[in-house]
Amino acid sequence: MDFELIRRGHERSLVLIPGWSFCSDIFSPLNLSYNYILPKRPVYRDISTELHDFLLGRDIAKVSILGWSLGAWVALDFQAGYPDMIEAVYVISLPGAFDREEILSQLKALEADRCAAVKRFYRRCFLGQYTDYLWFSSSLEESSIRQWDMHELRKGLMYLKLKGKTADLSGYAGTRMRIFHGEKDVIAPLDKVPEPPPGVAIDVIPGAGHLPFLSSEFERRFCVH
């Protein structure tokens, strides 16, 4: 796994980790006061060692990290492995446990028609965010599908299954963590989100689906602290 550092004229850097079947360009509308560090390939597992080595190679001692969906668990992996390198963790649309049947159904759909299955998943992600879906489907959808192969899609589902089984955020008490979630998320419904650590609330973005970071309300709330 390699990464790209995008210098945007800021002193701080933010690692952006996308979710299952999406690529880093999903974050292109974001305008946060950071330089960005983006993975160059699909993320479907723990990438902590590679990210650590990348940061050391560029003399970056500390970063904040924003993980979305599957990427939220990847961000938490890095926080657990390298806490001294973390300034803040932003957890977006964190999925809880998936039923075994859900995982098997998604695998079966992928094996029958990978492109159609991924497109159906995209549509569900954007429920409640029609304008955002029009942007994504016209500009990023086809390239996203091309970048993910079956091996990576399967591995990502297995990673999510494992993380859902062991979901426990209590060990992150005392860390600088913020959790955001879309009100209308059907991929990771609010009632299945793992219990936040003490002192951390879930900031619910009204009207948003699984991609609340595309909402202007997200940026407004993000910049408050």
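This is a predicted model, so every value here is computed, not measured.
In terms of modelled atom types and a separation under 3.5 Å, the side chain of N35 and the main chain of R8 share a donor-acceptor contact. Not one N or O on the side chain of R220 forms a donor-acceptor pair closer than 3.5 Å with the backbone of S215. With hydrogens and angles ignored, the 3.5 Å screen pairs no side-chain donor or acceptor of Q147 with any backbone N or O of P42. Checking side-chain atoms of D185 against main-chain N and O of A188 turns up a donor-acceptor pair under 3.5 Å. Looking only at distances, a side-chain donor or acceptor of Y122 sits under 3.5 Å from a matching main-chain atom of S21.
Side-chain atoms of E141 and W135, non-hydrogen and from C-beta on, never get closer than 4.5 Å to each other. Residues F136 and S144 are in side-chain contact: their nearest non-hydrogen atoms beyond the backbone lie under 4.5 Å apart. The shortest distance between side-chain heavy atoms of P18 and P39 falls below 4.5 Å. Under the 4.5 Å side-chain criterion, counting only non-hydrogen atoms from C-beta, L30 is in contact with F218. Under the 4.5 Å side-chain criterion, counting only non-hydrogen atoms from C-beta, P212 is in contact with I92. Between K184 and L127, every side-chain heavy-atom pair lies at or beyond the 4.5 Å cut-off. Counting only heavy atoms from C-beta outward, the side chains of V200 and I179 approach each other to under 4.5 Å. No side-chain heavy atom of H10 sits under 4.5 Å from any side-chain heavy atom of L32.
Among all heavy-atom pairs drawn from P194 and G96, the shortest one is CD-CA, 3.9 Å. Nearest heavy atoms, L211 versus C125: CD1-O, 3.4 Å. Pairing each heavy atom of K40 with each of M1, the nearest pair is N-SD, 4.2 Å. Considering every non-hydrogen atom in both I26 and L214, the closest pair reads O-CD2, 3.8 Å. Minimum interatomic distance between V91 and M177 (heavy atoms only, all atoms of both residues): CG2-CG, 4.2 Å. The two residues P197 and L169 have their closest heavy-atom pair at CB-O, 3.3 Å.
Ring pair F222/Y34 is perpendicular by interplanar angle, where above 60° counts as perpendicular and below 30° as parallel.
A salt bridge does not link E142 to R146: none of the charged side-chain nitrogens sits closer than 4.0 Å to a carboxylate oxygen.
A single hydrophobic cluster is not seen to contain both L162 and I187; linkage of ILVMFWY side chains at heavy-atom distances under 4.5 Å, directly or through other members, places them apart. When hydrophobic clusters are built by joining Ile, Leu, Val, Met, Phe, Trp and Tyr residues whose side-chain heavy atoms come closer than 4.5 Å, directly or via intermediates, L134 is not grouped with L140.
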Just list the side-chain donor-acceptor pairs under 3.5 Å for residues 51-71, sequence neighbours left out, or say none.
from : atom 1 : to   : atom 2 : distance (Å)
K62  : NZ     : D84  : O      : 2.6
W68  : NE1    : H210 : O      : 2.6
S69  : OG     : H210 : NE2    : 2.8

Can you give each donor-acceptor pair under 3.5 Å made by side-chain atoms of residues 104-118, sequence neighbours left out, with the distance rounded to 0.1 Å?
from : atom 1 : to   : atom 2 : distance (Å)
D113 : OD1    : C115 : N      : 3.4
D113 : OD1    : A116 : N      : 3.1
R114 : NH1    : I145 : O      : 2.9
R114 : NH1    : W148 : O      : 2.8

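One distance of note links CG of L160 with NZ of K155; it measures 13.5 Å at 0.5 Å rounding. Taken to the nearest 0.5 Å, the CG atom of N31 stands 8.0 Å off from the SG atom of C223.
Taking the six-membered ring for Trp and the full ring otherwise, the centers of F213 and F27 sit less than 6.0 Å from each other.
Not a single side chain to side chain donor-acceptor pair (under 3.5 Å) links E4 to another residue, sequence neighbours left out. Partners of Q79 under the side chain to side chain donor-acceptor pair (under 3.5 Å) rule, at least two apart in sequence or in another chain, do not exist in this structure. For Q129, the side chain to side chain donor-acceptor pair (under 3.5 Å) partners two or more places apart in sequence, or in a different chain, are D132.
The ring pair (Phe, Tyr, Trp, His ring centres under 6.0 Å) with W20 is formed by just one residue from the set Y44, F121, W73; it is F121.
Applying the salt bridge (Lys or Arg N to Asp or Glu O under 4.0 Å) rule to pairs touching residues 66-80 yields D77-K163, sequence neighbours excluded.
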